[in-house]
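Structure first, commentary second.
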Amino acid sequence: MKNILLTTALLFACALGFSQTEEELKAQMAPKTDSIAAIQGRVDAIQAQIDALPGWKKGAFGTIGANLSSFNNWYAQGSPNNSSGNIGVTVNGFANLNQEKFFWRNSANINLGWVKFDDKDDPADDDSFRQAADVFTITSLYGRKIREKFAISGLGEYRTTILDNFNDPGYLDLGVGATWTPITDLVVVIHPLNYNFVFSNNDAVFESSLGAKIIADYTRKIGAVNFKTNLSMFQSYKSGDLSNYTWINSFGYTLWNGIGLGFEFGLRNNKQEALNFALNQTPATATSFEDVENDLQTYILFGLNYAF
C-alpha cells in the first residue's frame with residue numbers, strides 16, 4: 001500500500017511539474033510570437049515600397065491537379081473493373097512595366113484538363129484521356145497617365161482554346177477608354193469604345209459587334225501567397241445575345257522550394273457558345289437565341305502549385 005501511495009504521489013508531482021513547465025514555456029513564447037509579427041509587418045511594408053518602384057515586375061504561378069484510380073472486382077459499384085483519371089494544369093503569368101508617365105500591363109492565363117473512364121469489361125468504350133478543359137487568354141493594356149491613379153488606355157485581349165478548335169471560336173477585343181488604379185495591384189479598365197472580333201466557322205451563330213469592355217484585375221503576392229482575380233466583360237451595343245463575361249480566381253500557397261497548394265475557380269457566360277453547342281447536339285436542343293438554355297459555365301481545379 002505504501003508503494004502504491006508513493007508511486008501515485010510521484011506521478012502527480014511529475015504531472016504538476018510538467019504543467020508548470022509548459023505554462024512557463026508558453027509565457028516565454030508569447031513575446032517572441034509578437035516580435036515575429038512585428039518583423040513580418042516591417043518586411044511587408046518594405047516589399048510594398050519595392051512594388052511601387054518604377055520598372056518591370058514579372059511573375060508566374062501554376063497549379064497541377066491529378067486524380068488517378070483503378071478498381072478490380074469492386075462489386076459494390078456499377079463498373080467493378082475500371083480505371084479513371086482526371087488531370088488539370090493551370091498557369092498564370094504577368095509582366096508589368098510601370099513608369100512615371102505610363103504603364104504597360106501584360107498577362108496570360110492557361111487552363112488545360114483531361115479526363116478518362118475506362119470500363120475494362122466493355123471493350124468498345126473509349127479508354128483514352130479526353131480533353132475536358134481548354135482555356136487560353138492573353139491581355140495587353142497600355143495606359144498614359146493623366147493623374148496618379150487615372151490614365152487614358154488602349155487594350156488588346158485574345159481568348160480561344162488551344163487543344164481543340166483553335167480560334168473556332170476565337171475572340172479579339174480592341175478598344176480605348178480609361179483605366180483606374182485606386183490601390184496598388186488593382187486595375188479597373190472601362191473602355192466604352194471596343195470592338196469584339198469573333199472568329200468562327202459558324203457565321204450563323206457567332207457575330208462580331210461594337211460594345212463596351214470592362215476589366216477588373218487584382219494580382220498580388222504576399223509572402224508565400226499568390227492571388228489573382230480577373231473579371232473580363234463585354235457588353236454588346238447591338239444585342240445582349242452577343243455579350244459575354246469570364247471571371248477567373250486563382251490562389252497559390254507556397255510551402256517549400258516554390259511548391260505548395262493551388263486552387264482555381266472560373267465562371268463564364270456566353271450565349272453564342274451555348275447556342276453553338278445546342279445546335280451541334282443530335283437532335284439539336286435549341287433552334288435560336290430565343291429558346292437556348294444559357295447555363296452558367298464553371299470549372300474548379302485543386303492540386304499542387306508551383307510559384308516561379
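Below, all heavy atoms of this structure are taken into account, side chains as well, without hydrogens, waters or symmetry copies.
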Review point. Are side-chain N/O atoms of Asp241 and Ser243 paired as donor and acceptor at under 3.5 Å?
Key: no
Point to revise | Donor + acceptor pair across side chains of Asn196, Ser209 (<3.5 Å) | key: no
Check your understanding: With distance as the sole criterion, is a donor-acceptor pair present between the side chains of Thr219 and Lys228 under 3.5 Å?
Key -> yes
Review point. Does the pair Trp104 and Ser140 meet the rule for a side-chain contact (heavy atoms from CB on, under 4.5 Å), with working shown?
Key: CA-CA 7 Å; Trp104 185 23; Ser140 184; 2.8 Å; yes
Practice item. Check whether any side-chain heavy atom of Phe265 sits under 4.5 Å from a side-chain heavy atom of Phe302, and report yes or no. Key: no
Point to revise | Stepwise side-chain contact (heavy atoms from CB on, under 4.5 Å) test for Val205 and Leu279 | key: CA-CA 9 Å; Val205 174; Leu279 293 175; 3.6 Å; yes
Check your understanding: Could you state the interatomic distance from OG (Ser232) to OH (Tyr245), rounded to the nearest 0.5 Å?
Key -> 12.5 Å
Practice item. Find out whether Pro192 and Tyr237 are in side-chain contact, i.e. whether some heavy atom of one side chain is under 4.5 Å from a heavy atom of the other. Key: yes
Exercise for review: Return the minimal non-hydrogen interatomic distance between Ala178 and Ser153, and the atom names on each side.
Suggested key: C-OG, 3.4 Å
Check your understanding: Does Asn226 use its side chain to pair, donor to acceptor, with the backbone of Phe251 at less than 3.5 Å?
Key -> no
Review point. Within a reach of under 6.0 Å around CD of Gln281, are more than 12 heavy atoms found that belong to other residues, nucleotides or ligands?
Key: yes
Study note, to complete from the structure: CG (Leu172) and CD1 (Ile138) are apart, to the nearest 0.5 Å, by 11.0 Å
Exercise for review: Ignoring hydrogens and angles, tell me if any N or O in the side chain of Asn106 forms a donor-acceptor pair with the backbone of Ala95 under 3.5 Å.
Suggested key: yes
Review point. Same cluster or not: are Phe136 and Val198 linked, directly or through other Ile, Leu, Val, Met, Phe, Trp or Tyr residues, by side-chain heavy atoms under 4.5 angstrom apart?
Key: no
**Study point:** Asn294 versus Ala274, closest heavy-atom pair with distance
**Key:** OD1-CB, 3.6 Å
Exercise for review: Please tell me if the side chains of Asn269 and Asn244 come closer than 4.5 Å, counting only heavy atoms from C-beta onward.
Suggested key: no
Exercise for review: Measure across Ala286 and Asp291 and return the closest heavy-atom pair with its distance rounded to 0.1 Å.
Suggested key: CB-OD1, 3.6 Å
Revision key, fill the gap. Rounding to 0.5 Å, atoms CG (Asn92) and OG (Ser107) come to a distance of 8.5 Å
Point to revise | Val89 and Asn111: CA distance, side-chain angles, deciding distance, side-chain contact (heavy atoms from CB on, under 4.5 Å) verdict | key: CA-CA 6 Å; Val89 179; Asn111 183 292; over 6 Å; no
Check your understanding: Looking at side-chain heavy atoms only, is the closest gap between Lys145 and Thr179 below 4.5 Å?
Key -> no
Review point. Does one side chain, of Trp247 or Thr229, offer a donor that lies under 3.5 Å from an acceptor on the other?
Key: yes
Exercise for review: Answer with yes or no whether the hydrophobic clustering places Ile183 together with Val188; edges join I, L, V, M, F, W, Y residues whose side-chain heavy atoms lie under 4.5 Å apart.
Suggested key: yes
Review point. Just how far is it from atom CD of Glu290 to atom CG of Leu275, taken to the nearest 0.5 Å?
Key: 9.0 Å
Practice item. Flag yes if more than 12 heavy atoms outside Leu231 fall under 6.0 Å of its CG atom; otherwise flag no. Key: yes
Practice item. Keeping the roles fixed (side chain from Thr90, backbone from Ile110), state whether a donor-acceptor pair exists under 3.5 Å. Key: yes
Review point. Is there a donor in the side chain of Asp168 and an acceptor in the side chain of Ser200, or the other way round, less than 3.5 Å apart?
Key: yes
Exercise for review: Starting from Ile146, walk the hydrophobic network (Ile, Leu, Val, Met, Phe, Trp, Tyr; side-chain heavy atoms closer than 4.5 Å) and list everyone else you reach, by chain and number.
Suggested key: Phe150, Ile152
Point to revise | Close side-chain approach of Ile215 to Glu157, heavy-atom, < 4.5 Å | key: yes
Point to revise | Approximate separation, where rounding is to 0.5 Å, of Phe277 CZ and Asp295 CG | key: 10.0 Å
Practice item. Compute whether any side-chain donor of one residue and acceptor of the other, for Asn165 and Thr161, lie under 3.5 angstrom apart. Key: no
Check your understanding: Do you see a donor-acceptor pair shorter than 3.5 Å between the side chains of Asp119 and Asn82?
Key -> no
Review point. Is it the case that Asn167 and Thr160 place a side-chain donor and acceptor less than 3.5 Å from each other?
Key: no
Point to revise | Ser83 side chain to Ser70 side chain, donor-acceptor N/O pair below 3.5 angstrom | key: no
Point to revise | Ile222 to Arg220 - nearest heavy-atom pair and separation | key: CG1-CG, 3.6 Å
Check your understanding: Going only through I, L, V, M, F, W and Y residues with side-chain contacts under 4.5 Å, is there a path from Val187 to Phe102?
Key -> no
Exercise for review: Say whether Thr63 and Glu264, considering side chains only, have a donor N or O and an acceptor N or O under 3.5 Å apart.
Suggested key: no
Revision key, fill the gap. Distance col, row Asp217:CG vs Thr139:OG1, nearest 0.5 angstrom, shows 8.0 Å
Exercise for review: Give every residue pair that meets the ring pair (Phe, Tyr, Trp, His ring centres under 6.0 Å) criterion with at least one member in residues 192-236, sequence neighbours excluded.
Suggested key: Tyr195-Phe197
Check your understanding: Can you tell me if CH2 on Trp114 sees more than 12 non-hydrogen neighbours from other groups inside 6.0 Å?
Key -> yes
Check your understanding: Under the 3.5 angstrom rule, does the side chain of Asn257 hit a backbone N or O of Ile259 as a donor-acceptor pair?
Key -> no
Practice item. Would you please indicate if the ring centroids of Tyr158 and Tyr171 are separated by under 6.0 Å? Key: no
Check your understanding: Does any non-hydrogen side-chain atom of Val189 lie less than 4.5 Å from one of Lys213?
Key -> no
Practice item. Answer yes or no: is there a side-chain heavy-atom contact under 4.5 Å between Leu141 and His191? Key: yes
**Study point:** Cluster overlap Leu163 with Phe129, hydrophobic side-chain contacts below 4.5 Å
**Key:** yes
Review point. So if you build clusters from Ile, Leu, Val, Met, Phe, Trp, Tyr with side-chain heavy-atom gaps below 4.5 Å, do Tyr142 and Leu155 land together?
Key: no
**Study point:** Nearest heavy atoms of Val292 and Ala278, plus distance in Å
**Key:** CG2-CB, 4.2 Å
Check your understanding: Are any side-chain N or O atoms of Lys271 and backbone N or O atoms of Phe289, one a donor and one an acceptor, separated by less than 3.5 Å?
Key -> yes
Review point. Charged N to carboxylate O under 4.0 angstrom, Asp185 versus Lys221?
Key: no
Check your understanding: Is Arg159 close to Thr246 at the side-chain level, that is, under 4.5 Å between some pair of heavy atoms?
Key -> yes
Review point. Does Glu207 offer a backbone N or O that forms a donor-acceptor pair with the side chain of Gln272 under 3.5 Å?
Key: yes
